[in-house]
Undergrad: 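Okay, handing you the structure first.
Bear in mind that the values here come from a model prediction, so they are computed numbers and not experimental data. Remember, it's 1-based here, ligands and their atoms both numbered in the order they're listed.
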Amino acid sequence: MSSHLYDVVIVGGGPAGCATAIALHQLGITRVAVVEGSDYSRVRIGESIPPDTRGLFSRLGVWQAFAGQNHQRCLGSYSCWGSDNLGFNDFLFNPRGHGWHLDRLSFDRFLADEVMLRGIDFLSGARFHQLNRDRQHHTIALTGGKSGEKQQLNCRFVVDASGRSASVARCFGARFKTQDTLVCVAGFFHRRELETDLALQHMTLLEAVEHGWWYSAHLPGDRIIAAFASDADIILQQQLKQPENWHRALAQTRHLSKALSLAKLPLRLHTWTAPSALLNPPAGEAWLAVGDAASCYDPISSQGIYKALLGGLNAAPAIAGWLKGDSRPLEHYRQSVGEVFIHYLEQRAYFYQLEQRWHQEAFWQKRRIACGIYQDEAATAVT
Ligand SMILES: Cc1cc2nc3c(=O)[nH]c(=O)nc-3n(C[C@H](O)[C@H](O)[C@H](O)COP(=O)(O)OP(=O)(O)OC[C@H]3O[C@@H](n4cnc5c(N)ncnc54)[C@H](O)[C@@H]3O)c2cc1C
């Protein structure tokens, strides 16, 4: 068993963990290790990022390198929401320019490479297992890693960037307060297998239906993702994890079906849960959570990656302050995660109430109830 002492250990090498590591490095905090449980080989979800993300890439000093990557430009979105007609949101009117549809795996690998380029220790394939705290530091037990042996890291401050598992924060007694949970069933197509409308190649398409909503996006490598978001009981009842049923439901959409002219079934469907949830508390003495470990957003917002990168930029000064003996920035960070979450809930509630065509259907009723009740609860949770 080996042992190291770091100022900061970050558990999770997704967008939030990598952004935190890079931002700490910018502040001169270099005795940092990132622990990543995977080797970035399994399918990841979350591919649309808005134009404003460019500003975050610049602040992190990775904009030029990102621009050299092969991600697909996204020029705007079409949405069928609240009316049978397609609305159009053109990024032409955004001063930041266009957004992107990412090749998500290569994006996450790219950020990990940027961390390593800065000389920060990056332990991939090593999973966080357990944490002990004494007065001086945390002792973090890991399993796996290159050599497969058990490892132990010591650090003064620990960051939970492990995504929705929030496995580090749970050791401090933090728990998610979950407002709502969607289930998303997604299929990937190869563009050559579909007769797609090429005019839509650079657009996101969103379409509300009776029991949920669909979206599709063209990805790098001539791939297309189509995903259906609904409630777990509806997915189960309609057996939408079966490719034939999922495909039939997609074929019944008014706009997506035309845009994709479905010829073939996707090879495989993938299912993810998508909660709206806030970790309580998102920070404490000598630790904080960032990205999805701190708060999870409904994918309708397309804000998860943006939030993860911004969270890393905000977390770094809070950690730097704490390392120097000032805990006020950490307290400010804790407050701001809750405040931003309330703002997100307001936007989400507004968006769901725009759709009134199926207001008596269980899916839409549930969204309205969930949006209303939780705003009050969230306000009390963060004060
Ligand atoms: C269906 C769906 C669609 C979405 N669509 C979008 C979208 O279009 N746009 C968007 O911006 N966002 C989207 N999101 C959200 C987005 O994917 C997340 O918000 C984003 O990935 C959060 O980044 P993160 O770094 O906080 O967490 P993650 O990306 O989950 O990264 C966590 C990292 O921690 C590692 N890890 C976990 N446990 C351990 C452990 N014990 N030890 C070591 N490492 C560990 C994981 O391997 C992973 O690399 C979507 C989410 C869902 C579910």
Undergrad: I'd like to know whether the aromatic ring centres of Phe363 and Trp213 sit less than 6.0 Å apart in this structure.
TA: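 Ring centres of Trp213 and Phe363 not closer than 6.0 Å.
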Undergrad: I need the atoms of ligand 1 closer than 4.0 Å to a non-hydrogen atom of Ala308, numbered in the order shown.
TA: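 This gives 23 (O) as the contact atoms.
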Undergrad: I need the nearest protein heavy-atom contact for atom 30 (O) of ligand 1: residue, atom name and distance, please.
TA: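 Ranked first by proximity to atom 30 (O) of ligand 1 is Gly163 CA, 3.8 Å.
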Undergrad: When you measure from atom 34 (O) of ligand 1 to every protein heavy atom, which one gives the shortest distance, and what is it?
TA: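 Checking every protein heavy atom, the shortest distance to atom 34 (O) of ligand 1 gives Gly12 CA, 3.3 Å.
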Undergrad: Rounded to the nearest 0.5 Å, what's the gap from CG on Asp108 to CZ on Arg44? Could you check?
TA: 4.5 Å
Undergrad: So which protein heavy atom does atom 49 (O) of ligand 1 come closest to, and at what separation?
TA: Glu36 OE1, 2.7 Å
Undergrad: Salt bridge check, Arg328 against Asp326: does any charged N sit closer than 4.0 Å to a carboxylate O?
TA: yes
Undergrad: Relative to atom 9 (N) of ligand 1, which among Gly13, Pro15, Ser48 owns the nearest non-hydrogen atom?
TA: Ser48
Undergrad: Which protein non-hydrogen atom lies closest to atom 50 (C) of ligand 1, naming both residue and atom, and how far is it?
TA: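 Answer, as residue, atom name and distance: Gly46 CA, 4.0 Å.
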Undergrad: First locate atom CG of Asp292, then atom CD1 of Ile305, and finally report the distance between them rounded to the nearest 0.5 Å.
TA: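 Those atoms lie 9.5 Å apart.
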Undergrad: Among His101, Arg127, Arg42, whose heavy atom sits nearest atom 41 (N) of ligand 1?
TA: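 Minimum heavy-atom distance to atom 41 (N) of ligand 1 goes to Arg127.
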Undergrad: Heavy-atom distances under 4.0 Å are what count here, so tell me which part of Ala161 touches ligand 1: side chain, backbone, both or neither.
TA: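 It is the backbone that gets close, since no side chain atom is under 4.0 Å.
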Undergrad: Distance to 0.1 Å, residue and atom name: give those for the protein heavy atom nearest to atom 15 (C) of ligand 1.
TA: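 Atom 15 (C) of ligand 1 sits closest to the protein heavy atom Gly304 CA, 4.0 Å.
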Undergrad: Only pairs at least two apart or in different chains count here, so list each ring-ring contact (aromatic ring centres under 6.0 Å, His included) that has a residue in residues 268-316.
TA: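 Those involving residues 268-316 are Phe172-Trp287, Phe188-His270, His270-Trp272, Tyr297-Tyr344.
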Undergrad: Give yes if a backbone or side-chain nitrogen or oxygen of Arg164 is under 3.5 Å from a nitrogen or oxygen of ligand 1, and no if not.
TA: no
Undergrad: So, Ser167 versus Arg127: side-chain donor-acceptor pair below 3.5 Å or not?
TA: no
Undergrad: How does Ser167 reach ligand 1, if at all, at less than 4.0 Å between non-hydrogen atoms: by side chain, backbone, both, or neither?
TA: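 Answer for Ser167: side chain.
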Undergrad: Which atoms of ligand 1 are found less than 4.0 Å from any heavy atom of Gly37?
TA: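 The atoms of ligand 1 under 4.0 Å from a heavy atom of Gly37 are 43 (C), 44 (N), 45 (C).
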Undergrad: Looking only at distance, does Trp272 have an N or O less than 3.5 Å from an N or O of ligand 1?
TA: no
Undergrad: Measuring from Asp180:CG to Leu345:CG, what's the distance to the nearest 0.5 Å?
TA: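 Spacing of CG (Asp180) from CG (Leu345) equals 10.0 Å.
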Undergrad: Applying ring pair (Phe, Tyr, Trp, His ring centres under 6.0 Å), run through Phe66 and His71 and close with a yes or a no.
TA: CA-CA 9 Å; Phe66 172 80; His71 300 291; 5.2 Å; yes
Undergrad: Under 4.0 Å, heavy atoms only, figure out whether ligand 1 is touched by the backbone of Ala229, its side chain, both or neither.
TA: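 For Ala229, there is no contact with ligand 1 at all, from either part.
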Undergrad: Using a strict cut-off of 4.0 Å, indicate which atoms of ligand 1 neighbour a heavy atom of Val35.
TA: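 Under 4.0 Å from Val35, ligand 1 has these atoms: 43 (C), 44 (N).
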Undergrad: Just jot down the ligand 1 atoms closer than 4.0 angstrom to any heavy atom of Gly291, in number order.
TA: 26 (O)
Undergrad: Which of the numbered atoms in ligand 1 are below 4.0 angstrom from a heavy atom of Cys184?
TA: 1 (C)
Undergrad: Below 4.0 Å from any atom of ligand 1, is there a heavy atom belonging to Arg44?
TA: yes
Undergrad: Might you work through the salt bridge (Lys or Arg N to Asp or Glu O under 4.0 Å) test for Glu244 and Arg248, ending with a clear yes or no?
TA: CA-CA 6 Å; Glu244 308 76 40; Arg248 199 174 306 121; over 6 Å; no
Undergrad: Tell me whether the centres of the aromatic rings in Trp246 and Trp214 are closer together than 6.0 Å.
TA: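 Yes, ring centres under 6.0 Å apart.
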Undergrad: Purely on distance, is any nitrogen or oxygen of Gly17 under 3.5 Å from one on ligand 1?
TA: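 Min N/O separation from ligand 1 is not below 3.5 Å for Gly17.
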Undergrad: Could you check atom 37 (C) of ligand 1 against the protein and tell me its nearest heavy-atom contact, residue, atom and distance included?
TA: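 Minimum-distance protein heavy atom for atom 37 (C) of ligand 1 reads Ser162 O, 3.3 Å.
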Undergrad: Answer with yes or no after comparing the ring centroid distance for Phe107 and Trp100 against a 6.0 Å cut-off, counting only values under it.
TA: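 Not under 6.0 Å, so no.
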Undergrad: Can you list the atoms of ligand 1 that are under 4.0 Å from a heavy atom of Thr273?
TA: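 With Thr273 as reference, the close atoms of ligand 1 come out as 53 (C).
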Undergrad: Quick one: nearest non-hydrogen protein atom to atom 31 (O) of ligand 1, plus distance?
TA: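 For this ligand atom, the closest protein heavy atom is Gly14 CA, 3.6 Å.
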Undergrad: Please determine whether the number of non-hydrogen atoms from other residues, nucleotides or ligands lying under 6.0 Å from atom CZ of Arg170 exceeds 12.
TA: yes
Undergrad: For ligand 1, which atoms have a heavy atom of Glu47 less than 4.0 angstrom away?
TA: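 Those of ligand 1 that fall under 4.0 Å from Glu47 are 7 (C), 8 (O).
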Undergrad: Kindly compute the distance separating CG (Leu309) from CG (Leu60), expressed to the nearest 0.5 Å.
TA: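 So the CG of Leu309 and the CG of Leu60 are separated by 6.0 Å.
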Undergrad: With atoms numbered from 1 as shown, which atoms in ligand 1 lie under 4.0 angstrom from a non-hydrogen atom of Ala126?
TA: 43 (C)
Undergrad: Could you measure the distance from the OG atom of Ser165 to the CG atom of Asp160? Nearest 0.5 Å is fine.
TA: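 Rounded to the nearest 0.5 Å, the OG-CG separation comes to 6.5 Å.
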Undergrad: Tell me the protein heavy atom at minimum distance from atom 21 (O) of ligand 1, and give that distance in Å.
TA: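 Result for atom 21 (O) of ligand 1: Arg104 NH2, 2.8 Å.
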Undergrad: Does any N or O atom in Phe128 lie less than 3.5 angstrom from one in ligand 1, N or O only?
TA: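 It does: an N or O of Phe128 is found under 3.5 Å from an N or O of ligand 1.
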Undergrad: Test your reading of the structure: does Ile45 have an N or O sitting under 3.5 Å from an N or O of ligand 1?
TA: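 Yes: some nitrogen or oxygen of Ile45 is under 3.5 Å from one in ligand 1.
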Undergrad: Roughly how far apart are Arg367 CZ and Gln179 CD, rounded to 0.5 Å?
TA: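 Answer rounded to 0.5 Å: 8.5 Å.
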Undergrad: So does Arg254 have more than 12 non-hydrogen atoms from other groups sitting under 6.0 Å from CZ?
TA: no
